[in-house]
Structure formats: structure tokens, C-alpha cells
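FYI, the numbering just counts along the sequence from 1.
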Amino acid sequence: MAKTKTLTFFFILFTIFSISTLTTTATKNHGFARVLSHHKPGLKREKLSHLHFYFHDIVTGKNATAVRVAEAPVTKTSPTAFGAVNVIDDPLTVKPELSSKRVGSAQGLYAAASQSEVGLLMNLNFVFTTGKYNGSTLSVVGRNSVFSNIREFPIVGGSGLFRFARGYAQAHTYSLEPTGDAVVEYNVYVLHY
């Protein structure tokens, strides 16, 4: 019985020592992960911003901003262009005219991901180049049901002034040419610090 109490005492002492050593080591080396105060990385109060701009998707001509980089064997016979993948660097402007003030670019890709309707997988960054958001980005990943009046995409992150961003973007087709060139109006609502 005394031997059992002694072993139990040493086991408890060893456990406390081990936990203490692990905690000290993790604190010194920061280990894999640690919890921080939101003030530590300089985060201030969270705010909601509304951004409004026009996205110019130009698929034709010598100044195309959307280029097909891949397609599936069925793409040419598919009524939805299923399997087509385009890479984009589309201008973002203040007004629907391409000649209006440019505020950035939409860079990334979209893929025809539906066999039953024109539905795109959008994976892009809004890269801002003017004003206080110059150098900041917002990342968008979502589904674009092209012929719906209003489409909604999640904002899944950002950089610069949009670090820790989250929110949503609403897209509305402003104009669509028979060639496929389009101007899309965006209203973006984003929570950020």
C-alpha cells in the first residue's frame, strides 16, 4: 500500500513536471499554434465597407482580358461550354464605360462547371490600385449562374487593408455583347479591420 502511494505520488509529480516543461517549451518556441489577442497584430475595430465598381470581361479582339487556357473534349458541343477554363485580368472601373477611372483588376480564373446551365466557378482576386485601398486585395470563390439577374459570391479573405476580410459580392450584368464581351456591375460588402 505504501509502495502504491509512493508510485502514485511520483507519477503525479512526473506529470506536473512534464506539463510544466511542455508549456514552457511551447511558450518559448511558439509551437505550432497559439492564441493571440486581436490587438497583437494591430487590429482595430472591425468595420463594414461597401465597394461599387464595374468589371469588364473582354473575350474578343487584340486587347482581350479573358483568355481560354483549357477545355474538355466535350466543350465545343456542350450548350454550356462545360469544361472551358479562362484566365482573366479584367479592368475594374468606377463607371460602366471602359474609359472611366480604373480602380483595379479582377485577376484569376473562371471555369464552366455546369452541364445544365451556364454556371461558372469563379476563383479570383479583386486587386485595387487607387486610393486608400491601393495594394489591397479581396479574394472571391463561388458559383456564378451567369443568366441570373443578381449573383452572390462569398468574399473569403483579403490582404493589405482587407486582412481578415469576409463578406459577399453581388454581381449584375450591365451589358452583354453577342461576342461574349460583358460589363458586370459589382456591389461588394466586406467586413475588415
Set of side chain to side chain donor-acceptor pair (under 3.5 Å) partners for S136, sequence neighbours left out = none

Would you check if the side chain of H192 reaches a backbone N or O of L161 as a donor-acceptor pair within less than 3.5 Å?
-> yes

For the pair S114 (side chain) and E117 (backbone), establish whether a donor and an acceptor sit closer than 3.5 Å, ignoring hydrogens and angles.
-> yes

Check: [Y] and [X] side chains under 4.5 Å, non-hydrogen atoms:
X    : Y    : result
D57  : V184 : no
L92  : Y186 : no
T129 : S105 : no

Are [X] and [Y] connected in the hydrophobic side-chain network, where two residues link if heavy atoms are under 4.5 Å apart?
X    : Y    : answer
I150 : F147 : no
V127 : M122 : no
V183 : L51  : no
V59  : V67  : no
L121 : I88  : no

Using a distance-only test with no angle check, is there a side-chain donor-acceptor pair under 3.5 angstrom linking H56 and T65?
-> no

Between H52 and Y54, how do the two ring planes meet: parallel, tilted or perpendicular, split at 30° and 60°?
->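 The rings of H52 and Y54 stand perpendicular, inter-plane angle above 60°.
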
Determine the interplanar angle of the F128 and F53 rings, folded into 0 to 90°, and report it as parallel if under 30°, tilted if 30 to 60°, perpendicular if over 60°.
->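 Plane angle over 60°, so perpendicular.
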
